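Please read the structure below before turning to the comments.
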Protein chains: 2
Amino acid sequence: MAINYDRVVTQSLAKQIAEQIRSAILQGDLQVDERLPTEEELAARFNVSRPTIREALKRLAAQHLIRSRRGPTGGTFVTRPSTEEMSDALTGTATLMVSLGEFDLDSISEARREMEQLCLGLAVQRRTESQLAELNAALNQQQQPISDEDFCAADIRFHRALVDATANPVLQFNMYTVIEALQPLTNMLANRFRDREVIIGHHQALYNAIAAQQIEPARQALDQLIDYLTCQYSKALAWKQQSSQ
Amino acid sequence: MAINYDRVVTQSLAKQIAEQIRSAILQGDLQVDERLPTEEELAARFNVSRPTIREALKRLAAQHLIRSRRGPTGGTFVTRPSTEEMSDALTGTATLMVSLGEFDLDSISEARREMEQLCLGLAVQRRTESQLAELNAALNQQQQPISDEDFCAADIRFHRALVDATANPVLQFNMYTVIEALQPLTNMLANRFRDREVIIGHHQALYNAIAAQQIEPARQALDQLIDYLTCQYSKALAWKQQSSQ
DNA sequence: TTTACCTATTTGTCAAACAAATAGAAAATA
DNA sequence: TATTTTCTATTTGTTTGACAAATAGGTAAA
């Protein structure tokens with residue numbers, strides 16, 4: 001008769017413990033701001049050493065699930081990650097995927113075009129005066145004699161303001177990936193004065209159309225911007241590939 | 001005259017070290033599959049203890065940036081995270097955001113409608129026979145007398161197949177957030193036979209339109225599905241809120 | 001009333017040791 | 001000669017035990 005075997009556990013103790021606590025948090029069994037047992041108590045409960053518990057907790061902290069504080073009112077608490085923390089984590093992930101070649105330029109371009117057009121439709125309807133002001137401020141910043149880094153930061157600022165005008169946090173959250181996934185590629189063009197001029201021109205057209213709440217000119221400006229960027233990226237990549245041979 | 005003060009560092013050593021290594025990875029200074037110095041060597045280099053190094057490394061491991069192995073050919077290696085690993089991390093994040101109320105139902109609904117309509121446009125053009133087969137298989141699975149969990153899993157399977165038909169990894173990556181962010185809400189409806197029938201009906205219409213490559217019927221079917229789901233969610237939430245008072 | 005000091009608690013860091021996993025080399029066996 | 005078993009050194013995983021640092025709140029002093 002056949003013998004049944006239990007699955008062999010190859011994961012480290014710390015990882016297993018982290019997974020258990022993570023599941024409890026995601027399932028709502030641990031509430032935000034709830035205090036976990038002390039490290040000593042957790043060690044006793046899981047029957048492991050305190051350093052092992054600490055390794056497990058550091059995994060959770062790295063995922064913005066918990067935070068800790070020393071002192072009599074200290075301890076380890078389930079945390080409420082801010083949207084900014086999550087976005088930073090997400091863009092780091094996206095940046096890694098791009099650098100690993102998981103996302104090719106055509107896919108990024110297409111995703112950005114489609115998703116930003118979608119946002120544009122909502123932004124044209126819903127933009128507020130303060131969001132318009134932010135778009136304008138980013139545009140003005142790009143027109144200054146600023147560094148490549150600042151130009152790129154202003155570029156992100158402009159597109160984030162556009163996405164913020166959708167008034168939809170889910171779209172905002174997702175668009176940050178796409179906007180900043182192109183960041184390393186935008187860096188290739190930021191040093192060229194001519195490219196800056198063209199980008200600023202399209203941004204100006206975008207801004208004008210959004211301000212006037214005219215969807216068609218806005219769509220065309222965005223299409224032309226994405227077309228231009230994709231074309232320049234391709235040229236820059238080809239040139240870079242050729243000059244490195 | 002004024003005295004200048006250096007910024008006081010309040011972050012733990014482990015976190016600071018993790019951030020430095022993470023930056024090196026994201027900036028490409030550390031390549032995938034590259035082996036880091038041993039824990040002993042890192043401790044010497046950063047002038048800290050080995051347990052502190054281990055805590056830093058566990059943070060990076062939790063973010064799928066490194067992996068480790070014991071033994072003579074062991075060590076700590078920069079890892080190439082799979083798209084699945086990243087998606088799992090992302091959906092965990094999205095699930096947390098939903099449960100924390102960062103994403104309200106209207107925003108989720110709107111984002112899903114807009115983004116899935118976008119994907120639908122591409123999917124109708126690009127779907128392959130095997131993707132159609134996968135859509136059909138998920139649909140057939142939902143029509144079986146299965147558990148609530150399996151019904152929800154089949155629901156995700158159907159929509160993932162739809163998104164996969166866009167042939168765009170960036171859209172796929174982003175859509176997983178939106179698809180699974182609604183997962184806890186779909187759970188509310190999966191136990192009701194009547195709701196299942198309606199959902200299956202819309203899925204059938206979607207499948208038929210995608211198979212026939214007719215965009216308008218596909219759009220209408222998706223709109224009706226999202227409308228139905230949003231309406232039922234609202235009712236279920238209102239009912240749940242009322243019965244918990 | 002305000003400021004300074006103190007205490008006990010919890011996390012952060014450390015040293016040292018040993019366990020476990022492991023690739024490949026060497027030895028034993030068929 | 002080919003295959004299997006054993007062994008070794010390396011690196012990570014885990015533990016024990018200790019002490020440092022941060023800290024909220026209570027108490028004492030000004």
Side-chain angles (χ1 to χ4, degrees), chain A residues 5-22 25 30 32-81, chain B residues 5-22 25 30 32-81:
Chain A
Y5 298 95
D6 286 340
R7 188 172 61 85
V8 174
V9 174
T10 55
Q11 281 188 352
S12 66
L13 285 174
K15 190 177 184 187
Q16 292 179 61
I17 293 166
E19 283 304 310
Q20 287 190 45
I21 299 175
R22 180 174 184 269
I25 293 173
L30 288 170
V32 165
D33 295 329
E34 181 173 340
R35 182 171 170 282
L36 271 59
T38 68
E39 293 178 358
E40 209 70 46
E41 287 164 342
L42 283 172
R45 188 167 308 183
F46 283 100
N47 198 24
V48 297
S49 72
R50 203 180 139 226
T52 296
I53 287 295
R54 285 184 61 77
E55 285 195 11
L57 295 179
K58 289 321 169 196
R59 296 183 75 101
L60 298 172
Q63 292 168 336
H64 306 286
L65 294 173
I66 60 170
R67 67 185 185 277
S68 57
R69 185 175 71 228
R70 307 184 225 189
T73 56
T76 306
F77 303 85
V78 179
T79 201
R80 174 184 287 272
Chain B
Y5 299 94
D6 285 341
R7 186 171 65 83
V8 174
V9 174
T10 55
Q11 281 189 351
S12 65
L13 286 174
K15 190 176 183 188
Q16 291 179 63
I17 293 166
E19 283 303 311
Q20 286 190 43
I21 299 176
R22 178 174 184 268
I25 294 173
L30 288 171
V32 164
D33 294 330
E34 180 173 340
R35 182 171 170 284
L36 270 62
T38 67
E39 293 177 0
E40 208 70 47
E41 287 164 343
L42 284 172
R45 187 168 309 186
F46 283 99
N47 198 24
V48 297
S49 72
R50 203 179 139 230
T52 298
I53 287 294
R54 287 185 59 77
E55 285 194 9
L57 294 179
K58 289 320 168 196
R59 297 183 75 101
L60 299 172
Q63 292 168 334
H64 307 287
L65 294 173
I66 60 169
R67 66 185 186 275
S68 57
R69 185 175 71 225
R70 307 184 225 190
T73 55
T76 307
F77 303 85
V78 180
T79 202
R80 172 184 286 274

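Order of the sequence lines sets the chain letters (A, B, ...), proteins ahead of strands, with each chain counted from 1. This one's a predicted model, so the numbers in the text were calculated from it and none came from an experiment.
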- Message: I need the residues from residues 69-78 of chain A with at least one non-hydrogen atom less than 4.0 Å from DNA chain D; give them sorted by number, or say none.
- Response: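 Here the set is Arg70(A), Gly71(A), Pro72(A), Thr73(A).
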- Item | Residues which pass salt bridge (Lys or Arg N to Asp or Glu O under 4.0 Å) with Arg35(A), listed by chain and number, not counting sequence neighbours |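 With sequence neighbours excluded, Arg35(A) shows a salt bridge (Lys or Arg N to Asp or Glu O under 4.0 Å) to no residue whatsoever.
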- Task: Quick one: list whatever passes side-chain hydrogen bond (donor to acceptor under 3.5 Å, both in side chains) with Asp33(A), sequence neighbours left out.
- Result: Arg67(A)
Distance in Å, [X] [atom1] paired with [Y] [atom2], rounded so as to fall on 0.5 Å steps:
X        : Y        : atom1 : atom2 : result
Ile53(B) : Ile17(B) : CD1   : CD1   : 4.0 Å
Thr76(B) : Leu60(B) : OG1   : CG    : 9.5 Å
His64(A) : Ile66(A) : NE2   : CD1   : 12.0 Å

Counterpart residues, side chain to side chain contact (heavy atoms under 4.5 Å, CB included), relative to [X] (two or more places apart):
X        : value
Ser49(B) : Pro51(B), Thr52(B)
Arg80(B) : Leu100(A), Glu102(A), Val32(B)
Pro37(A) : Glu41(A), Leu42(A), Arg45(A)
Gln20(B) : Phe46(B)

- Mark yes when over 12 heavy atoms from residues, nucleotides or ligands other than Glu34(A) sit less than 6.0 Å from its CD; otherwise mark no. yes
- Query: Got a donor-acceptor contact below 3.5 angstrom from the Arg69(B) side chain to the Thr73(B) backbone?
  - Reply: yes
- Whole angstrom is fine here: how far is it from CD in Gln11(B) over to P in dT11(C)?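 After rounding, the reported distance stands at 19 Å.
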- Note on the structure: Closest non-hydrogen contact found for Ala18(B) with Ala56(B) is CB-O, 3.7 Å
- Task: Can you tell me which residue pairs pass the salt bridge (charged side-chain N to carboxylate O under 4.0 Å, His left out) test with a partner in residues 49-60 of chain A, sequence neighbours excluded?
- Result: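 Listed once each, the pairs are Glu39(A)-Arg50(A), Glu39(A)-Arg54(A), Arg54(A)-Glu55(B), Glu55(A)-Arg54(B).
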- Hey, is the side chain of Lys58(A) poking within less than 4.0 Å of OP1 or OP2 on dG12(C), counting only N and O atoms? yes
- Task: Identify, residue by residue, the members of residues 46-56 of chain A with a heavy atom below 4.0 Å from DNA chain C, and return them in order of residue number, or none.
- Result: Arg50(A), Arg54(A)
- Task: For DNA chain C, determine which residues of residues 34-42 of chain B have any heavy atom closer than 4.0 angstrom to one of its atoms, and list them numerically.
- Result: none
- Under a criterion of less than 4.0 angstrom to any heavy atom of chain B, what are the 5'-terminal and 3'-terminal contacting nucleotides of DNA chain D?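 Taking any atom under 4.0 Å from a heavy atom of chain B, the span is dA9(D) to dT14(D).
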